[in-house]
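To start, the structure under review is shown below, and the notes come after it.
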Amino acid sequence: MAELRIEGLRAEIEGKPILQGVDLVLRTGKVHALMGPNGSGKSTLAHVIMGHPSYTVTGGRILLDGEDILELPPEERAVRGLFLGFQYPAEVSGLTTGKFVKRVLEKHPARNMPVTQMIKELKDALTRMGLSQEFINRSLNEGFSGGEKKRMEIVQMLMIRPRFAVLDEIDSGLDIDALKDVAEGINSLRGPEFCAFVITHYQRILEHVHPDFVHIMYRGRILTSGGRDLVETLEAKGYEWLRKEFGIEEDEHEYVHN
Ligand SMILES: Nc1ncnc2c1ncn2[C@@H]1O[C@H](COP(=O)(O)OP(=O)(O)OP(=O)(O)O)[C@@H](O)[C@H]1O
Ligand SMILES: [Mg+2]
């Protein structure tokens with residue numbers, strides 16, 4: 001079992017504080033969901049976990065099996081088993097999907113394999129995500145539709161087999177069939193060596209990927225955590241309920257609806 005422990009994490013971007021003391025413990029074998037209104041800091045948390053250079057960590061720690069990883073560059077964090085599926089995957093011009101996956105796997109000792117084997121597994125992963133084999137020779141994400149980009153994030157996750165997969169709104173923009181394919185992809189890795197951290201606005205994906213824990217982020221903190229019933233309550237009552245429940249004063253500048 002591996003553990004990713006986030007303690008009192010504070011982070012800012014361009015001098016603006018976003019994360020205001022995040023405490024969270026993720027362990028392999030479990031699936032966690034993270035919900036919260038627009039702008040509450042979910043993507044910021046995902047990026048800071050991966051070590052995105054635009055964010056400045058101003059306090060707290062991120063411990064992977066007891067080792068503080070905050071000083072490590074993103075590539076080192078990936079080698080240690082962290083993976084981020086982006087809310088907005090970037091287009092990589094001039095590098096085919098096949099070559100990209102090959103390069104990534106070369107850096108993962110446990111997943112380094114002969115090219116023929118890699119192509120076989122990649123074809124299988126593409127099929128499972130409803131993408132044709134042609135994608136192997138297309139520049140990564142270039143000209144892909146929104147849903148295709150999201151499916152490709154899961155293809156990469158299936159190839160890398162990370163220990164901790166942070167999936168930022170992997171369900172947004174997916175059609176109904178793709179949603180099921182993506183959920184099956186996540187479920188196929190479920191086991192004692194894998195943890196998914198699913199950031200989402202909607203109950204739908206969580207009906208397929210059953211989270212063990214649900215956390216709600218609000219203004220840069222984890223406001224509350226619970227089981228799946230928390231999603232149902234939230235879906236039924238909205239963030240207005242949450243504010244009342246926790247005695248939070250409304251901020252007129254804040255978005256609370258999607
Ligand atoms: N470069 C930046 N400069 C200033 N503020 C920023 C910058 N990047 C992000 N922010 C702000 O940080 C806050 C948190 O953004 P973040 O993307 O983490 O929210 P989120 O919870 O993922 O929202 P969503 O549900 O809409 O994806 C927002 O108010 C956003 O405007
Ligand atoms: Mg976001």
Side-chain angles (χ1 to χ4, degrees), residues 4 6 8-24 26 31-60 62 70 74 77 82-91 141 146-147 149-154 156-157 164-174 179 182 186 196-206 209 211 213-226 230-231 233-235 237-243 246 248-258:
L4 188 67
I6 299 167
L9 187 65
R10 292 177 174 273
E12 58 180 42
I13 186 157
E14 291 173 20
K16 183 181 169 191
I18 309 289
L19 302 183
Q20 316 260 18
V22 174
D23 293 303
L24 193 63
L26 306 177
V31 170
H32 293 250
L34 179 67
M35 304 181 85
N38 293 135
S40 54
K42 304 179 299 298
S43 295
T44 301
L45 175 62
H47 285 121
V48 171
I49 289 174
M50 267 332 277
H52 193 293
S54 301
Y55 300 86
T56 308
V57 173
T58 53
I62 303 182
L70 277 177
R77 299 186 197 198
L82 304 190
F83 172 87
L84 172 59
F86 290 94
Q87 182 172 359
Y88 304 108
E91 302 197 356
N141 291 330
K149 286 181 185 169
K150 294 303 180 79
R151 296 172 198 219
M152 190 56 84
E153 297 295 286
I154 297 297
Q156 290 168 42
M157 180 189 79
F164 293 90
V166 179
L167 303 171
D168 194 358
E169 294 201 26
I170 200 71
D171 52 338
S172 70
L174 288 183
L179 189 76
V182 161
I186 299 167
F197 186 51
V198 182
I199 300 172
T200 183
H201 284 293
Y202 307 109
Q203 190 171 10
R204 188 103 196 224
I205 190 166
L206 304 177
V209 181
F213 303 100
V214 176
H215 313 277
I216 312 292
M217 183 164 246
Y218 204 97
R219 295 182 192 164
R221 283 195 189 90
I222 303 295
L223 186 60
T224 186
S225 300
L230 189 54
V231 187
T233 314
L234 204 59
E235 189 96 356
K237 299 182 176 174
Y239 289 111
E240 184 69 34
W241 159 77
L242 202 71
R243 273 208 303 273
F246 287 86
I248 299 166
E249 297 214 352
E250 198 163 346
D251 176 347
E252 57 180 308
H253 301 299
E254 187 173 51
Y255 300 111
V256 286
H257 304 293
N258 293 314

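Counting starts at 1 for both ligands and their atoms, following the listed order.
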**Atom indices of ligand 1, in the order listed, that fall short of 4.0 Å to a heavy atom of Glu14** = 1 (N), 3 (N)
**Pair Lys150 + Glu169, salt bridge at N-O below 4.0 Å** = no
**Request:** Of all the heavy-atom pairs spanning Ile216 and Gly36, show the shortest one and how long it is.
**Result:** CG2-CA, 4.5 Å
**Asked** Rounded to the nearest 0.5 Å, how far does CD1 of Ile49 lie from CG of Leu45?
**Response** 4.0 Å
**Item:** Closest non-hydrogen atom pair, Tyr202 against Met35
**Value:** N-CE, 4.1 Å
**Asked** If you look at every heavy atom in His215 and Ser225, which pair is closest and at what distance?
**Response** ND1-OG, 2.7 Å
**Prompt:** Which atoms form the tightest heavy-atom contact between Ile18 and Gly41, and what is the distance?
**Reply:** CG2-CA, 4.0 Å
**Asked** When you draw lines from the Mg ion (ligand 2) to OE1 of Gln87 and to OG of Ser43, what angle lies between them, to the nearest 10°?
**Response** 80°
**Item:** Atoms of ligand 1, numbered as shown, that sit under 4.0 Å from any heavy atom of Glu169
**Value:** 24 (P), 25 (O), 27 (O)
**Complete:** Going by the 4.0 angstrom heavy-atom rule, the piece of Asn38 near ligand 1 is both
**Asked** Should one rank Gly220, Ser43, Pro17 by closest heavy-atom distance to atom 22 (O) of ligand 1, which comes out on top?
**Response** Ser43
**Item:** Gly36, any N or O under 3.5 Å of ligand 1 N or O
**Value:** no
**Prompt:** Do Lys42 side-chain atoms and Leu34 backbone N/O form a donor-acceptor pair below 3.5 Å?
**Reply:** no
**Contact atoms of ligand 1, heavy-atom distance to Gln87 under 4.0 Å** = 27 (O)
**Asked** Between Tyr55 and His52, what is the ring plane arrangement, given parallel below 30°, perpendicular above 60°, and tilted in between?
**Response** perpendicular
**Message:** Within the 4.0 Å heavy-atom shell around Gly39, which atoms of ligand 1 are there?
**Reply:** 13 (C), 14 (C), 19 (O), 20 (P), 21 (O), 23 (O), 24 (P), 26 (O), 28 (C), 29 (O)
**CG-OG1 distance between Leu9 and Thr58, expressed to the nearest 0.5 angstrom** = 8.0 Å
**Message:** Heavy-atom distances under 4.0 Å decide this one: backbone, side chain, both or neither, for Pro37 against ligand 1?
**Reply:** backbone
**Prompt:** Quick one: does ligand 1 sit under 4.0 Å from the side chain of Ile18, the backbone, both or neither, non-hydrogen atoms only?
**Reply:** side chain
**Request:** Mark up the atoms of ligand 1 that fall under 4.0 Å of a heavy atom belonging to His201, in ascending order.
**Result:** 25 (O)
**Prompt:** Short list, please: which atoms of ligand 1 are under 4.0 Å from a heavy atom of Lys16?
**Reply:** 5 (N), 11 (C), 29 (O), 31 (O)
**Complete:** Counting from 1 in the order shown, the ligand 1 atoms closer than 4.0 Å to a non-hydrogen atom of Thr44 are 14 (C), 15 (O), 16 (P), 18 (O)
**Prompt:** Checking Asp168 side chain against Ile199 main chain: does a donor-acceptor pair fall under 3.5 Å?
**Reply:** no
**Asked** Closest approach of Glu153 and Gly85, non-hydrogen atoms and distance?
**Response** OE1-CA, 3.4 Å
**Prompt:** Looking at Ser40, which atoms of ligand 1 are within less than 4.0 Å of one of its heavy atoms?
**Reply:** 19 (O), 21 (O)
**Message:** So, 4.0 Å and heavy atoms of His47: is ligand 1 close enough to count as a contact?
**Reply:** no
**Request:** Mind checking whether Met217 contacts ligand 1 via backbone (N, CA, C, O), side chain (CB onward), both or neither, at a 4.0 Å heavy-atom cut-off?
**Result:** neither
**Asked** Under a 4.0 Å heavy-atom limit, does Lys42 contact ligand 1 with its side chain, its backbone, both, or neither?
**Response** both
